[in-house]
Amino acid sequence: MLQLFFAVAFSAVPLTLYVPPIRSLNPFVETIEDLLRQTAFYSLRAYPRFRLAFSRIFSNLFRLSRFAAPS
């Protein structure tokens, strides 16, 4: 059991290199929040357009598949 503990502990040590220190995490979070705040307006405008486009595409595909299927 002790060997398993050491194996897990030493395999997790390199993962700590990917975690940024706390002092540099705050500006990163602020940058992400700012990016999301700026893109929220455009995504809210684009969402209904995407829904309309997909509904038109799928309705046309459904209509074509109804006519192509033998009765």
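One is the number of the first residue; the rest follow in order along the sequence.
When the side chains of ILVMFWY residues are joined at heavy-atom separations under 4.5 Å, either directly or via intervening members, Val29 and Leu36 end up in a single hydrophobic cluster.
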Donor-acceptor contacts, no H, no angles, side chain residues 49-56, under 3.5 Å, sequence neighbours left out:
unit_1 : atom_1 : unit_2 : atom_2 : d
Ser55  : OG     : Arg51  : O      : 3.3
Ser55  : OG     : Leu52  : O      : 2.8

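Listed by first and then second residue, the side chain to side chain donor-acceptor pair (under 3.5 Å) pairs that reach into residues 30-40 are Asp34-Gln38, sequence neighbours excluded.
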